[in-house]
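A quick write-up on the structure given underneath.
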There are 2 protein chains.
Amino acid sequence: MSTSPARTILVVEDEPVINQAITDRLRAEGFEVVQAWDGPGAVELFGASSPDLVVLDIMLPGYDGHEVCRRIQAQRPVPVMMVTARDDEADILVGLGVGADDYLTKPFRMRELVARINALLRRVDRAVELAGSRAVELGRLRIDAGARRVWLSEVEVHLTATEFDLLVCLAATPGQVLTREKLLADVWGWPGASGTRTVDSHVKALRSKIGTERVRTVHGVGYALETI
Amino acid sequence: MSTSPARTILVVEDEPVINQAITDRLRAEGFEVVQAWDGPGAVELFGASSPDLVVLDIMLPGYDGHEVCRRIQAQRPVPVMMVTARDDEADILVGLGVGADDYLTKPFRMRELVARINALLRRVDRAVELAGSRAVELGRLRIDAGARRVWLSEVEVHLTATEFDLLVCLAATPGQVLTREKLLADVWGWPGASGTRTVDSHVKALRSKIGTERVRTVHGVGYALETI
DNA sequence: TCAACTCGTGAAGATTCTGTGCAGATCAGT
DNA sequence: ACTGATCTGCACAGAATCTTCACGAGTTGA
């Protein structure tokens, strides 16, 4: 992220002091920032500047934030961070319905705004990445069955063939316990087999790669995948 | 994409609010959308409207999403985007399993749905292009299936007939792992063949021409083309 | 608490798989 | 038929992976 080109953020806020404060902080964080002070200006600037994210105040002259949100989302999907004067439930619900992805209630800390913006951008990055493949997500774990690849919090993890098959078998019913016999049948194709430590060994190997806590041992029964 | 005729999408979802929300958004994205609210209606509309893609909720009145999927796939192969209520359940099996489907877990972001739909359609486009005569780009690799020519970063690479067929077979599903058996069946037309090093030899030759790193070995499974 | 049972672990040997060089077979064009 | 290009698949080495075993740690139920 340090070497990638700067993200552009459109800040839409009619209050000059707040607008400038947000802008300054985001620039300090390394973002490109363009500013708009009303609805029509926001929609126009959105088309002109192609921002990666929009910070949008609900209360605006011209038409309100929801309308702006609708219009820019109609142009192109973009993550929107709504800013509301009070935590009015209705406003928030409408905003989320119109396509806002997150919202913040005034007064807010700049640090929180920055943190949420970064989180939102990360989320979208992952969504775009995900769109390219047929991956399944379970907590921080992402499994692409076709490519036989696995990621843990964005970092790819190398699994052997057996480890991968074992994971997929467990992931097919997250949280559900599978007996060793069931696993030996489904993963190894040894129906009726038992009395071997083979499953345990591979569970150990799998745990060492995706985190011990993600495979729960159910004493006397078997193993289950945790969605964390 | 701007000049091509609009793609038609069939949205199958019994919840009116969600159905309409998806429909509205997809129409805003420029798709033609037809709506169905239950299994029988979906199957009938599928035949009548010839959609390019189906968005399908698992939970449906009549018969469930899997059944609908089976019936429409029986009529004509079509990309299906499944929507599941929660990511537990054996529903994930469908996502992990073989089918040509992608899936999404509720609640989902409209943007993500749109991104994945576009990705699915691109995948299909690519397969069609590969079968036809237009050139496809995969990372720095450009493949013109009609002319049977390949370029790597603008420089043409000479491939033998077998190498080319092998590349096209791998390129039809970039990133996806294909077994040697599958390759022997599809490229060599020897269904059921195995126990030979023929595939390996041609992979070696292909690698020497397009770069070793572009063909990923999946130990114990097969090979996959990387899009780099 | 204690015995009985179950599970985790590390290591080692066995097994399987892949990369590679090479040679004979096959093919296409002359 | 000749020649050069291509294809096939074997043999081998090295790498990767799998399985099993022994034993200590952990868990359960009486």
Side-chain angles (χ1 to χ4, degrees), chain A residues 147-150 156-170 176-226, chain B residues 147-150 156-170 176-226:
Chain A
R148 295 184 68 91
R149 300 176 103 172
V150 174
E156 184 165 2
V157 183
H158 171 80
L159 298 186
T160 69
T162 305
E163 287 155 15
F164 185 86
D165 292 339
L166 175 61
L167 175 61
V168 167
C169 194
L170 290 169
Q176 303 276 318
V177 184
L178 298 181
T179 64
R180 288 178 178 70
E181 288 68 34
K182 172 75 173 161
L183 291 169
L184 284 170
D186 291 3
V187 176
W188 280 265
W190 301 347
S194 67
T196 169
R197 300 254 71 71
T198 299
V199 177
D200 304 57
S201 286
H202 287 278
V203 166
K204 172 176 149 68
L206 182 58
R207 278 174 165 161
S208 75
K209 293 178 181 179
I210 68 170
T212 305
E213 68 285 359
R214 284 197 175 72
V215 182
R216 177 166 50 100
T217 299
V218 181
H219 196 97
V221 186
Y223 298 101
L225 188 69
E226 296 287 24
Chain B
R148 295 184 69 86
R149 297 173 80 175
V150 175
E156 184 164 2
V157 182
H158 170 77
L159 298 185
T160 69
T162 306
E163 287 155 15
F164 184 85
D165 293 339
L166 175 61
L167 176 60
V168 167
C169 193
L170 291 168
Q176 304 287 104
V177 182
L178 300 181
T179 63
R180 289 176 178 72
E181 288 68 34
K182 171 77 174 158
L183 291 168
L184 284 170
D186 291 2
V187 175
W188 281 266
W190 301 343
S194 68
T196 169
R197 301 252 68 74
T198 299
V199 177
D200 303 58
S201 289
H202 288 277
V203 165
K204 173 177 150 70
L206 182 58
R207 277 175 166 161
S208 74
K209 294 179 182 180
I210 68 169
T212 305
E213 69 285 359
R214 284 195 176 72
V215 182
R216 175 167 56 105
T217 298
V218 181
H219 196 101
V221 186
Y223 297 101
L225 189 68
E226 296 287 32

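Chain identifiers are assigned alphabetically (A, B, ...) following the order of the sequence lines, protein sequences preceding nucleic acid strands; residue numbering begins at 1 within each chain.
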[N] [atom2] sits how many Å from [X] [atom1], rounded?
| X | N | atom1 | atom2 | answer |
| --- | --- | --- | --- | --- |
| A:L183 | D:dT19 | CG | P | 13 Å |
| A:R180 | C:dG8 | CZ | P | 7 Å |
| A:R197 | D:dC23 | CZ | C1' | 12 Å |
| A:L184 | D:dC18 | CG | C1' | 13 Å |

When you check the gap from the basic side-chain N to the acidic O, do A:D200 and A:R207 get nearer than 4.0 Å?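 Salt bridge: no.
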Can B:E226 and B:R216 be counted as an ion pair, charged N to O under 4.0 angstrom?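 The answer is yes: the pair qualifies as a salt bridge.
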Does [N] have its OP1 or OP2 closer than 4.0 Å to a side-chain nitrogen or oxygen of [X]?
| X | N | answer |
| --- | --- | --- |
| B:K204 | C:dT18 | no |
| A:T198 | D:dC18 | no |
| B:T196 | D:dG9 | yes |
| B:R207 | C:dT20 | no |
| A:H202 | C:dG8 | no |

Near DNA chain D, counting only heavy atoms under 4.0 Å, which residues of residues 209-224 of chain B show up?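 Hits under 4.0 Å, by residue number: B:H219.
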Base, sugar-phosphate, or nothing: which does B:S201 touch, judged by heavy atoms less than 4.0 Å apart?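 Touches a base.
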Can you confirm whether A:Y223 sits close enough to A:R180 that some side-chain heavy atom of one is under 4.5 Å from a side-chain heavy atom of the other?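 When only atoms from C-beta onward are counted, A:R180 and A:Y223 do touch, with a gap below 4.5 Å.
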